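Single-structure report; data block below.
On a predicted model such as this, the values are computed, not experimentally measured, just so you know. In the text below, chain A, chain B and the rest are named by the order of the sequence lines, each starting its count at 1.
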2 protein chains.
Amino acid sequence: MANFKEVNKENSIFLYEQIKLGIRDMIEREEIKKGDRLPIEKELCDQFNASRITVRRAVKELESEGIIEVIHGKGTFVKGLRRPIHILDLKGFTEGLSSSENHFTKEVIRKEIITADEFLMEKFNRDSPFEVVKLVRVIKDDHDVFSVDFAYLPYDVYPNILPKIEDNVSTFRIIHDDYGVKFKNAKKDIEVSLPTMEISKLFDISNSDPVIKVNKVINDNNDIPVHYSEYYLLGSRVSFYIDVDVEDE
Amino acid sequence: MANFKEVNKENSIFLYEQIKLGIRDMIEREEIKKGDRLPIEKELCDQFNASRITVRRAVKELESEGIIEVIHGKGTFVKGLRRPIHILDLKGFTEGLSSSENHFTKEVIRKEIITADEFLMEKFNRDSPFEVVKLVRVIKDDHDVFSVDFAYLPYDVYPNILPKIEDNVSTFRIIHDDYGVKFKNAKKDIEVSLPTMEISKLFDISNSDPVIKVNKVINDNNDIPVHYSEYYLLGSRVSFYIDVDVEDE
DNA sequence: AGCTATTTGTCCGTATGTATT
DNA sequence: GAATACATACGGACAAATAGC
């Protein structure tokens, strides 16, 4: 039987917070794994020595965090913990994720050459139209869509790149190895919103599941933009972290 | 009358995307201001020379971005653009926001001394209980709650700090000026989720409005944690940005 | 309480272009 | 090439919510 952290009634923390910690702890230690069903509410009540109301509150809050999913009539299932992403690991996409526990697959769902519109002209800091390779890719984590990526590469910087782009290859490696382009700096914008229809379909989520949209422009050694991308992450599946040195005189 | 960007039918971009840009542009240039009502759907159709379905799609997507709000029977209203926050401006709360256009009010809604539980003991890197000042504050932006902040300050580091904490004062200034504590570095964790009941009440939002939760530990010059806070931001009201230097050998 | 006008919400059918089979 | 499906886009009709009288 599942071995939950013991709950202490004398503790000042609310009981439902303690239950949340207990369940989260189980998932962190992989005593319950992704896809597994949690014990039914009755069992949770017994294990935590709490009422059904209290257990349900804990479960509901964990669901709103996105780490478990309650399916009416079926049970409560573990969706998995958030993947920590370092904000400064601005390389890719999969690159920012630790490669050891990497059961990701990268899938190219569209690649085409388009003419830059005003929006892209501004992003690439150019004032006349030019050709751009547009890529749409999804990254899956065990069959679940983890990220959707719209990337734009100026064709004059990367001639004949199209055939090189395949499933499960890193565009950054191609850019670096085949074209000798070196990245100097990047500017990122991160915002949170509800998904558009297009995005909710690609992720196969409901339109009330928050998504994180990251816009990124990468400049080369001459401060010329050589990569623009917009990628989406499932809000419930990631967390960002960063260490900051404070200049406090 | 509102002067929208012209829409070009020959353009390759979808009509609804062009309408989105047109409306967003109006808001960015402050031709329609926060709280104002947008032209009714019929007028938008005329101005963009599009059908109601197309206009409605544009409006709906802008609503899911959070910059406008559609109210049945009343109209569509501008909620305002996102406030850009620099990820490294990890000081406060209001500190990170440009002070020029700052109609923020900071309100202390709870201040008390509690005994640290296991969770706080871990955050402050101590192994025995100690007293902590717990603060709950809200920041309002023109009467709308913009941020909710739970801050924890070890009482032994800041003796008798409680009376100093008032509405619209910066705790960072107190810490720095009155206690001489200098910040060396901070660790931030950012995640996105749907609000718990408590948070949705404080923000006065529905439980399907995404919120951003930031956990921050600040260390002093001796690498001792001297400030821990959890604060929430409305996902639809902020964007984060950062410039990164890439070490690309 | 009506009543009416305004405005958004939902649904219908249709046409067109683009993929996919 | 034909058949199918899908997304964009148009026009119309009615329902539902809001506000003012």
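Screening B:Arg82, B:Arg24, B:Lys60 for a side-chain hydrogen bond (donor to acceptor under 3.5 Å, both in side chains) involving B:Glu65 leaves a single residue, B:Arg24.
Computed from coordinates, the B:Phe14 CZ to D:dA9 P distance equals 6 Å when rounded to whole Å. D:dA7 atom P lies 11 Å from atom CG of A:Leu202, rounded to whole Å. Rounded to whole Å, atom P of D:dT8 lies 16 Å from atom CZ of B:Arg56. Following rounding to the nearest Å, B:Glu41 (CD) and D:dG11 (P) show an atom-to-atom distance of 15 Å.
When the side-chain nitrogen and oxygen atoms of B:Arg57 are compared with OP1 and OP2 of D:dA9, none of them lie within a distance under 4.0 Å. Neither OP1 nor OP2 of C:dT7 sits under 4.0 Å from any side-chain N or O of B:Thr76.
Using a 30° and 60° split on the angle between ring planes, A:Tyr232 and A:Phe150 fall in the perpendicular class, above 60°.
Ring centers of B:Phe240 and A:Phe240: at least 6.0 Å apart, outside the cut-off.
The nucleotide whose nearest atom lies closest to any side-chain atom of B:Thr54 is, among D:dA7, C:dT8, D:dA9, D:dA9. Listed candidates were C:dT7, D:dA9, C:dG9. Nearest to the side chain of B:Ile40 is C:dT7.
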Could you list the protein-to-nucleotides 16-18 of chain D atom pairs, N/O on both sides, closer than 3.5 Å?
{"from": "D:dA16", "atom 1": "N3", "to": "B:His72", "atom 2": "NE2", "distance (Å)": "3.0"}
{"from": "D:dA17", "atom 1": "O4'", "to": "B:His72", "atom 2": "NE2", "distance (Å)": "3.4"}

Below 3.5 Å is the cut-off: list the nitrogen or oxygen pairs between protein and nucleotides 11-15 of chain C, distance only.
none

Close N/O contacts between protein and nucleotides 16-21 of chain C (under 3.5 Å):
none

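Heavy-atom minimum distance, A:Ser193 versus B:Ser64: CB-O, 3.4 Å.
Along DNA chain C, the nucleotide closest to B:Lys60 and the one closest to B:Arg37 are compared, and the more 5′ of them pairs with B:Arg37.
Classification of A:Glu30 and A:Lys33 as a salt-bridged pair fails, no side-chain N sitting under 4.0 Å from a carboxylate O.
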Might you work through the salt bridge (Lys or Arg N to Asp or Glu O under 4.0 Å) test for A:Asp144 and A:Lys79, ending with a clear yes or no?
CA-CA 10 Å; A:Asp144 294 331; A:Lys79 293 183 74 173; over 6 Å; no
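At most 12 non-hydrogen atoms from other residues, nucleotides or ligands lie less than 6.0 angstrom from CD1 of A:Ile53.
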